[in-house]
K.L.:
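Structure provided below as structure tokens; questions to follow.
The figures that follow rest on heavy atoms only: side chains count, while hydrogens, waters and symmetry mates do not.
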Amino acid sequence: MALEIKLDDRVAKVELLAEDGNHVKIIVDDREYDLDMQQVENGVYSVMYKGRSFNVELIEKGNPKKYTVNTFYHSYDAEIIDAETKYLQTRNAGNLEAAESTISSPMPGKVVKIPVELGSEVKKGDTVIIISAMKMESEYKAMKDGVVKEIFVKEDDTIDGNQPLVFID
Amino acid sequence: MALEIKLDDRVAKVELLAEDGNHVKIIVDDREYDLDMQQVENGVYSVMYKGRSFNVELIEKGNPKKYTVNTFYHSYDAEIIDAETKYLQTRNAGNLEAAESTISSPMPGKVVKIPVELGSEVKKGDTVIIISAMKMESEYKAMKDGVVKEIFVKEDDTIDGNQPLVFID
Amino acid sequence: MITKISKVLVANRGEIALRVMRSCRELGIKSVAVYSDVDRTSMHVRYADQAFHIGPAASAESYLNIEKIIEVAKKSKADAIHPGYGFLSENAEFSKRCQQEGIIFIGPTPEVISTMGDKITARQTMIDGGVPVVPGTKENLDDDETALKVIRKIGLPVMIKASAGGGGKGMRMVDKEENILSALRAAKSEARSAFGDDSVYVEKYISSPHHIEFQILGDQHGNVIHLCERECSVQRRHQKVVEETPSPLLTPELREKMGEAAVAAAKAVNYYGAGTIEFLADNDHNFYFLEMNTRLQVEHPITERTTGYDLVKQQILIAEGQKLNIKQEEVFQFGHAIECRIYAEDTDNNFMPSPGLITHITEPMGLGVRTDGYVYEGYEIPIHYDPMISKLIIWARTREEAIERMRRALYEYKITGVKTSIKFLERIMDCRDFRDGNYDTHFIQNNEEFLLANDEAKQQFEDLAIVTAFLDYHHKLKNAQVSQEISKSSRWKDFGRRRGVYRASEN
Amino acid sequence: MITKISKVLVANRGEIALRVMRSCRELGIKSVAVYSDVDRTSMHVRYADQAFHIGPAASAESYLNIEKIIEVAKKSKADAIHPGYGFLSENAEFSKRCQQEGIIFIGPTPEVISTMGDKITARQTMIDGGVPVVPGTKENLDDDETALKVIRKIGLPVMIKASAGGGGKGMRMVDKEENILSALRAAKSEARSAFGDDSVYVEKYISSPHHIEFQILGDQHGNVIHLCERECSVQRRHQKVVEETPSPLLTPELREKMGEAAVAAAKAVNYYGAGTIEFLADNDHNFYFLEMNTRLQVEHPITERTTGYDLVKQQILIAEGQKLNIKQEEVFQFGHAIECRIYAEDTDNNFMPSPGLITHITEPMGLGVRTDGYVYEGYEIPIHYDPMISKLIIWARTREEAIERMRRALYEYKITGVKTSIKFLERIMDCRDFRDGNYDTHFIQNNEEFLLANDEAKQQFEDLAIVTAFLDYHHKLKNAQVSQEISKSSRWKDFGRRRGVYRASEN
């Protein structure tokens, strides 16, 4: 099996050469590894490489192809890129700008205040929504000049992380 | 839903009257309970009854209908008795004696020694197999007089708990 | 008169609720938990002997709902209430209501809470009691002219502070003459919106301040002792992050002087219960009363660890009316203790809170390690309350060894599912100024670059991360196929195999 | 000469391997794990910096395989080996091989291990060193006539013991003249089959014996100190179950006398490293040398907790050739510590071992609680090794408080999936004789009825157990239906939902 994996900004080609129980022979870009990999707890792998012992934790991010990967001191975002992903990427290529238009919060929380309304004109940097979580309030600002075209939530709503809140165009 | 549950030596009739989220109204034999029951961890339930807080742990015993149930200080064996179980019980009714004929160990371990062989005559109390686990050896003895009709394992084998080891008839 | 307590309602949640219940259990006292809508599965509810629902997630309607809590206390026949820290712990009205209902409030009288809760009154009380305070006004600064005059007299730099303040709100530092009036206005406006009260006062600004506090215990018979200090200068936005005892700044002489002042401060208000006198100290060993906290502090475990006294048990004994069973001359500190507060926050992303589902925990173990936490695997940290997940308390014979042990324990501590401050705390333990014991409240600010630096070793582990993600995905694909096969078989068989399949997928 | 150690191979598994690695990490020393076939997923392998496979499950072919371990030490460039306890820790040949290979053995010399490993030689050495020993023979009892003569001279009751013995094997108590010869034969035969050596000797039998041991530390420069005692009389079949310090039996005078004897014992063999002198003491405060363990003991943490010294670090410093950094007069015990050993065993069923899959753990937390364990959720305890899962170490200012805290911690400690001795340990904490500190090595035997009694409250919770089992089954049925629906949808969707389904089944 061969796949591409996107790790933060890097895209690596990965090919599994052989798998025998825990023993895995694998190529990442042009480096070959002989590893002993074992899932020891839910989402926790013990990896042995040339006698060194590593622990790696995986957290699925709402999608079987997206992970947060934690090695002992570091945290990475990983995404599996297969045919399906590539297709979706092509289809979404034009949507890069969409990200800039949609305000969202990386953390779950509660909507404290929405100081704009549908049709409001906003300038880049204007606060469009205030979210509170764990006794801390965060203001989210417009990333470009535009008009508020959609507000997906209302004050006092409980929101998930990364859900669209306000759309500006 | 109504079922019978065997708890150690007791057989109780259980009927679920209502279930609304965590809130459960249930009858055990002739006592009715209003409970707030929530599975909080894998196999661990938090139960609230008249303001009292209980924790109950369930361990499935290789079969979805058999549990070990641990309340804070006590441990019980529970078995769900439904139509299927009853049918099997009827069919196995004649097999009570079989249990006496089959030697097994409740713990997993390793076969150290089998001091009998096929066709050996044994007396009740004779040691027929020695199992070792965690540096401790246990001797298993014949539960009746008879002849060794079958030996399912050999020395140095690793065994599971409750698997048949020696059959005497 | 001694009233034996046999059941305590703990009007709190999280780690402190558990911590209080543990001491109750050791004393053979039953505990009653209260919980909001989102806390049914919270650990304090599972740990308590009894538990009662008290309202919606919002604190104002549950953990701050005095009527509801009193009602539960009466229903459950609790004879005492422990307020923990935060929530109602410094609420004079709550203390008063308990008194009226004949329920023992494990804490000081309403009068003392009021006196110490208002900074200006507290300050005046301390001056009257002969406790050194930061030079400054004792009264509200009402008009610009007085303000200018007073501030010129004290001399710049100064700090303008809200009387009803706390948590850094309504505070402004002024070091230039021309900024005095604008800072005054800003402080008043912030104070008004935060506390509904725009009274402010002014204090001399201490330039290299150490935040050092003394733990005191007083009984209802006029006896007061202190259990030495806690150094709390590692702060971020006025929130403590790391605490230790003994303080690297203190000498035995200074400890004795400050300890005496702390006892005097408590005696000035006839204090009983456990309390904390916070001081500002400078590098020249001047120290000034800052405020008194009339409750247990988050960081109380480092005092417990070095002196050996269980502070919650002491609170309970005092509340029962017992005489203090500790004499000042018996108190000594054995070794060194450090506490790190573990927050659910993204330290790489402006310390944004990170609530969510805990998927996995490995707690550190071994010699000199104590954890006080409340989350467990499968628990979802709610968005409504404090982001503190747990406290890691380390003890060793020496400060140096304690730091090494803390590094080791932080290394072992794994919490998966939410972002935590563990990595940031490890950087603090590695920071030269901290290791040298050479720090004040500007420590984090001064070392920000080091503490938040991106680790160059990160790249080294990229391939490891890639390979693991790949393999996990690969196994998921394989199991999905297996899973399809299985679903064709009967429901009964499904049962038996399900467990096997789950397990297989973990190998 | 001082040789700095930078990498330690830990020739052990389980909790002690982890415990050693923790101290290495605090000292900035790298650790190397070794593991057998069944220990790939064991915690010590995950915790170490490096890990190497050394053979099959059977100890003789892995953890006792000297050649293989030396080979790994050389391959990994470890400059020292820590043997833990058990396995090769008291193997003189192993210590010698290390010496020959230029690897530091963290423990005493091969000569000392040999001397102390043979009970008759050890006994003679102690007599020569002026350390009191139990009256008895010093030599092997070869013929019946001598045996009868000797035993008559000592006076019944006596204990016949294997010279190469340990763990209670090859031991026989004789209290009647007519049983002497049969007991002698039985002891010899057992000794031969257990140790390949049928030498036995005889000792006066102490009727209410307390097993009290002293921790000693000696450096390579002739300095020896002791770190006070551990009371280990709570034993089952000569296996320690609960240990505490200080011993309820000891007075300061007796402690001083026994401590001096312990130091003399170590000096008699020019001992260096950490070691333990085991004594038998009776109610009249007579005490006798029993044996010396030339390694770390399982129960060493209670000494660490009360004296504050990290014994593994001390072992490493001594092995490096450093001078002891502790003076006898600085040593004192702060408070009281108790250790409970948690075994995977079925205490209701003749203490049968209970290996298996750990499905869930809740570790106790809070003030004065230390756990040293190695199992984790999802770990399968192998059948091949010791049944000890972990050690729970409790500290408090007083013995009484320590017992209450231990009860609380045992209550909190939940290990699901295998049977454990936790309930039995709780009964010990409730037992009058233990609470009174009034016990000797016959404690468990004398209190068997109380300790193994069936709790009459069990019936009370029957309905609770029934209801929970019912509801769990009910939800499984519901989920099985849901699961069938889902399996109809595409593999890709399956992925996304899988997690959701798992979670739903937990609610």
Side-chain angles (χ1 to χ4, degrees), chain A residues 1 3 5 7-8 10 12 14-16 19 21-22 24 26 28-29 31 33 35 37-45 47 49 54-60 64-76 78-80 82 105-110 132-136 138 158-159 161, chain C residues 57-59 86 167 343-346 348-357 359-360 362 377-378 380-388 411 414 416-419 422-423 426 454-455 457-477 480 502 505-507:
Chain A
M1 190 167 109
L3 282 175
I5 292 186
L7 193 82
D8 295 342
R10 170 180 168 196
V14 191
E15 190 181 349
L16 183 65
E19 185 180 9
N22 312 322
V24 164
I26 201 166
V28 180
D29 286 335
R31 297 176 73 163
Y33 295 94
L35 302 168
M37 299 193 67
Q38 184 129 7
Q39 184 165 356
V40 285
E41 294 180 73
N42 184 16
V44 181
Y45 281 81
V47 183
Y49 173 57
F54 300 98
N55 295 270
V56 185
E57 299 175 324
L58 295 179
I59 310 157
E60 236 183 61
K65 294 184 196 165
K66 287 187 177 178
Y67 294 101
T68 296
V69 188
N70 296 323
T71 59
F72 252 121
Y73 288 112
H74 310 286
S75 188
Y76 308 86
E79 187 179 355
I80 310 291
D82 57 8
S105 148
M107 66 183 185
K110 200 170 172 178
S132 131
M134 296 177 146
K135 294 163 65 181
M136 178 168 153
S138 306
T158 299
I159 58 156
Chain C
S59 306
Y343 288 105
E345 63 187 12
D346 185 353
D348 287 336
N349 195 3
N350 199 26
F351 295 84
M352 187 170 294
S354 176
L357 181 74
T359 53
H360 185 254
T362 305
E377 290 184 12
E380 184 146 4
I381 306 178
I383 59 169
H384 308 86
Y385 312 109
D386 199 87
M388 198 174 74
Y411 170 85
K414 299 289 151 204
T416 313
V418 301
K419 307 250 180 202
I422 291 176
K423 198 177 59 177
E426 285 181 313
N454 225 323
D455 193 338
K458 188 169 176 181
Q459 238 180 318
Q460 255 187 262
F461 296 102
E462 274 186 15
D463 282 10
L464 182 65
I466 289 168
V467 164
T468 314
F470 176 92
L471 213 77
D472 192 75
Y473 183 73
H474 174 61
H475 288 159
K476 273 196 298 204
L477 278 185
Y502 281 28
S505 75
E506 282 166 17
N507 281 318

K.L.:
Indicate yes or no: at least one non-hydrogen side-chain atom of His474(C) is less than 4.5 angstrom from one of Glu19(A).
P.N.:
yes
K.L.:
Measuring heavy-atom distances to chain C, does Leu3(A) have an atom under 4.5 Å in its side chain, in its backbone, in both, or in neither?
P.N.:
both
K.L.:
Do Lys423(C) and Asp348(C) have side chains that approach each other closer than 4.5 Å (heavy atoms only, starting at C-beta)?
P.N.:
yes
K.L.:
Name the region of Ala344(C), side chain, backbone, both or neither, that has any atom closer than 4.5 Å to a heavy atom of chain A.
P.N.:
both
K.L.:
Knowing that exactly one of Asp463(C), Ile466(C), Val467(C) qualifies, which makes a side-chain contact (heavy atoms from CB on, under 4.5 Å) with Ile26(A)?
P.N.:
Val467(C)
K.L.:
Can you tell which part of Tyr33(A) gets under 4.5 Å to a heavy atom of chain C, answering side chain, backbone, both or neither?
P.N.:
side chain
K.L.:
Check whether Asp346(C) gets within reach of chain A through its side chain, its backbone, both or neither, counting any heavy atom under 4.5 Å.
P.N.:
neither
K.L.:
Identify which part of Leu16(A) has an atom lying under 4.5 Å from any heavy atom of chain C, answering side chain, backbone, both or neither.
P.N.:
both
K.L.:
If the threshold is 4.0 Å, N to carboxylate O, is there a salt bridge linking Glu60(A) and Lys476(C)?
P.N.:
yes
K.L.:
Given the options Val24(A), Asn55(A), Ile80(A), which has more heavy-atom pairs under 4.5 Å with chain C than any of the others?
P.N.:
Ile80(A)
K.L.:
Given a strict heavy-atom distance threshold of 4.5 Å, which part of Asp8(A) is in contact with chain C: side chain, backbone, both, or neither?
P.N.:
side chain
K.L.:
Looking at residues at least two apart in the chain, or sitting in another chain, which of them share a side-chain hydrogen bond (donor to acceptor under 3.5 Å, both in side chains) with Ser138(A)?
P.N.:
none
K.L.:
Side chain, backbone, both or neither: which part of Ser354(C) has a heavy atom under 4.5 Å from chain A?
P.N.:
backbone
K.L.:
Mark yes when over 12 heavy atoms from residues, nucleotides or ligands other than Lys414(C) sit less than 6.0 Å from its NZ; otherwise mark no.
P.N.:
yes
K.L.:
Where does Glu345(C) contact chain A at under 4.5 Å (heavy atoms): side chain, backbone, both or neither?
P.N.:
neither
K.L.:
When only pairs under 4.5 Å are counted, which of Ala465(C), Gly417(C), Pro353(C), Pro382(C) shares the most heavy-atom pairs with chain A?
P.N.:
Pro353(C)
K.L.:
Residues two or more places apart in sequence or in another chain: which of them pass side chain to side chain contact (heavy atoms under 4.5 Å, CB included) with Ser75(A)?
P.N.:
Thr68(A), Asn70(A), Lys419(C)
K.L.:
Counting only heavy atoms closer than 4.5 Å, note whether Val47(A) contacts chain C via side chain, backbone, both or neither.
P.N.:
side chain
K.L.:
Would you call Phe470(C) and Val28(A) a side-chain contact if the rule is heavy atoms closer than 4.5 Å?
P.N.:
no
K.L.:
Which atoms of Tyr343(C) come close to chain A, meaning under 4.5 Å heavy atom to heavy atom: side chain ones, backbone ones, both, or neither?
P.N.:
neither
